[in-house]
Amino acid sequence: MPELPEVETIKRGLEKFVVGKKIAKVEVLSPKVVKEPAVKEFVRRLAGKTVKQVLRKAKLLILKIEGGEYLVVHLRISGWLTYGSPDKKARVRFIFSDKSCLNYMDSRLLGELRLRSEFESLPFFKKLGPEPFELTLEGFKNLLKSRKTKIKALLMDQHLISGIGNIYAAEALFAAKISPLRPALSLTDKEAQSLYKSIINILNQAIKYKGASVDTYRDLQGNKGGMDKHLKVYGRQGQRCFLCGAVLKKVNIGGRSSVYCPKCQK
DNA sequence: AATGGGACCTGCGCGC
DNA sequence: TGCGCGCAGGTCCCAT
């Protein structure tokens with residue numbers, strides 16, 4: 001579900017509704033999603049603690065908890081959070097002292113919750129490349145240099161550049177008029193610059209629209225994101241390109257479906 | 001180094 | 001209506 005813009009939207013919601021709240025009780029309905037520590041310990045250590053701050057790194061959400069602990073949330077594909085009253089489909093419920101509730105939702109159970117005294121040593125965190133916002137144009141060009149991998153696969157490789165997933169990789173490549181199948185090293189300086197700018201623009205636009213609700217994603221209050229309506233290629237295979245009218249094509253790249261305009265994107 | 005496949009999971013929409 | 005299949009916004013791990 002969530003790429004950087006969706007996670008950023010959730011982060012802002014948490015800042016508004018959850019920071020400063022005291023966790024009275026944690027209910028773990030699906031123990032599978034709690035990766036560390038053991039569920040009993042997880043619940044015990046959170047009870048009575050206040051949420052101090054929310055951080056985001058790429059698609060990772062990090063809640064700083066009173067007493068020097070961090071609740072690290074990776075939503076993976078189908079995770080999302082709602083704030084309000086307890087949800088019967090929740091996998092984990094964080095009930096606050098004012099009776100309000102933060103629900104961790106995750107139909108496919110692929111997401112992960114961790115409670116740790118720090119998050120920097122988490123293997124996934126350590127291997128995370130810079131976000132597009134932390135990368136200069138030169139830094140971006142250096143990533144492409146000498147890499148034969150398909151440009152779309154590179155954009156989604158979190159070790160190299162983090163926060164971009166299947167939707168925004170497809171959209172940025174369309175905006176830059178570059179085929180997702182091109183080897184990264186084949187991009188000219190001009191193309192690399194155009195792609196770099198497109199990535200930043202698309203992510204900022206998506207944040208502005210509070211994410212895309214192609215599937216189950218909702219913000220904390222249950223509202224859909226507004227970015228769906230602005231997607232030009234993602235999920236539009238077989239339909240016509242808004243620019244040239246050609247039929248959009250779907251190919252498989254790195255095990256993910258990738259939609260693009262064979263006429264506009266060279 | 002790069003790519004392809006499978007694994008982890010559930011649930012939805014589609015065609016028959 | 002019911003069933004099987006393909007597919008889904010992520011990441012890891014293995015084989016080649």
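Just so it is clear, the structure is predicted and the values come from calculations on it, not from any experiment. For the numbers below, each heavy atom of this structure counts, side chains included, while hydrogens, waters and symmetry mates do not. Order of the sequence lines sets the chain letters (A, B, ...), proteins ahead of strands, with each chain counted from 1.
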Take atom [atom1] of [X] and atom [atom2] of [N], then tell me their distance rounded to the nearest Å.
X	N	atom1	atom2	result
L185(A)	dA1(B)	CG	C1'	12 Å
W80(A)	dG11(B)	CH2	P	13 Å
F125(A)	dG10(C)	CZ	P	19 Å
K126(A)	dC12(C)	NZ	C1'	16 Å
M156(A)	dA2(B)	CE	P	17 Å
L160(A)	dG10(C)	CG	P	16 Å
L128(A)	dG10(C)	CG	C1'	12 Å
Y217(A)	dA8(C)	OH	C1'	17 Å

Between [X] and [N], is there a side-chain N or O to OP1/OP2 distance below 4.0 Å?
X	N	result
S257(A)	dA8(C)	yes
Q158(A)	dT11(C)	yes
K89(A)	dT10(B)	no
H74(A)	dG10(C)	no

Inset, instruction - Would you classify F124(A) as touching base, sugar-phosphate or nothing, given that sugar-phosphate means primed atoms plus P, OP1 and OP2, and contacts are heavy atoms under 4.0 Å? - result: sugar-phosphate
Inset, instruction - Look at all strands and tell whether R147(A) reaches a base, only sugar-phosphate, or nothing, counting heavy atoms closer than 4.0 Å. - result: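 Sugar-phosphate contact only.
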Inset, instruction - May I ask you to say whether R116(A) pairs ionically with E36(A), meaning some side-chain N is under 4.0 Å from a carboxylate O? - result: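 Looking at E36(A) together with R116(A), the answer is yes, because their closest N to O distance falls below 4.0 Å.
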Inset, instruction - Salt-bridge test for K57(A) and E131(A): reply yes if a basic N is under 4.0 Å from a carboxylate O, no otherwise. - result: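 Salt bridge between K57(A) and E131(A), a charged N being under 4.0 Å from a carboxylate O: no.
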Legend entry - Range-with-range stems for DNA chain B, at least three Watson-Crick or G-U pairs under 3.5 Å: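 Result, WC/G-U stems under 3.5 Å: B:2-8 with C:10-16, B:10-16 with C:2-8.
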Inset, instruction - Please determine, for the side chain of K250(A), which listed nucleotide (dG10(C), dT10(B), dC7(C)) has the closest atom? - result: dC7(C)
Would you confirm whether [X], through its side chain, and [Y], through its main-chain N or O, come within 3.5 Å as a donor-acceptor pair?
X	Y	answer
R12(A)	L14(A)	no
Q265(A)	C261(A)	yes
S30(A)	V33(A)	no
R93(A)	D87(A)	yes
R256(A)	N252(A)	no

Inset, instruction - Measure from NZ or CZ of R114(A) to the centre of the six-membered ring of F124(A), then state whether that distance is under 6.0 Å and the direction lies within 45° of the axis. - result: no
Inset, instruction - Hey, can you tell me if Y70(A) and F119(A) have their rings parallel, tilted or perpendicular (30° and 60° cut-offs)? - result: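 Answer is perpendicular, since the angle exceeds 60°.
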Inset, instruction - Kindly assign one of parallel, tilted or perpendicular to the pair Y83(A) and F17(A), based on the angle between their ring planes and the thresholds 30° and 60°. - result: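 Parallel: the ring planes of Y83(A) and F17(A) meet at under 30°.
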Inset, instruction - Would you give a per-nucleotide map of nucleotides 3-9 of chain B, 5' to 3', where B means the base has a protein non-hydrogen atom under 4.0 Å away, S means only the sugar-phosphate does, and - means neither? - result: S----BB
Legend entry - Position toward the 5' end of DNA chain C (nearest nucleotide), G211(A) or H159(A): G211(A)
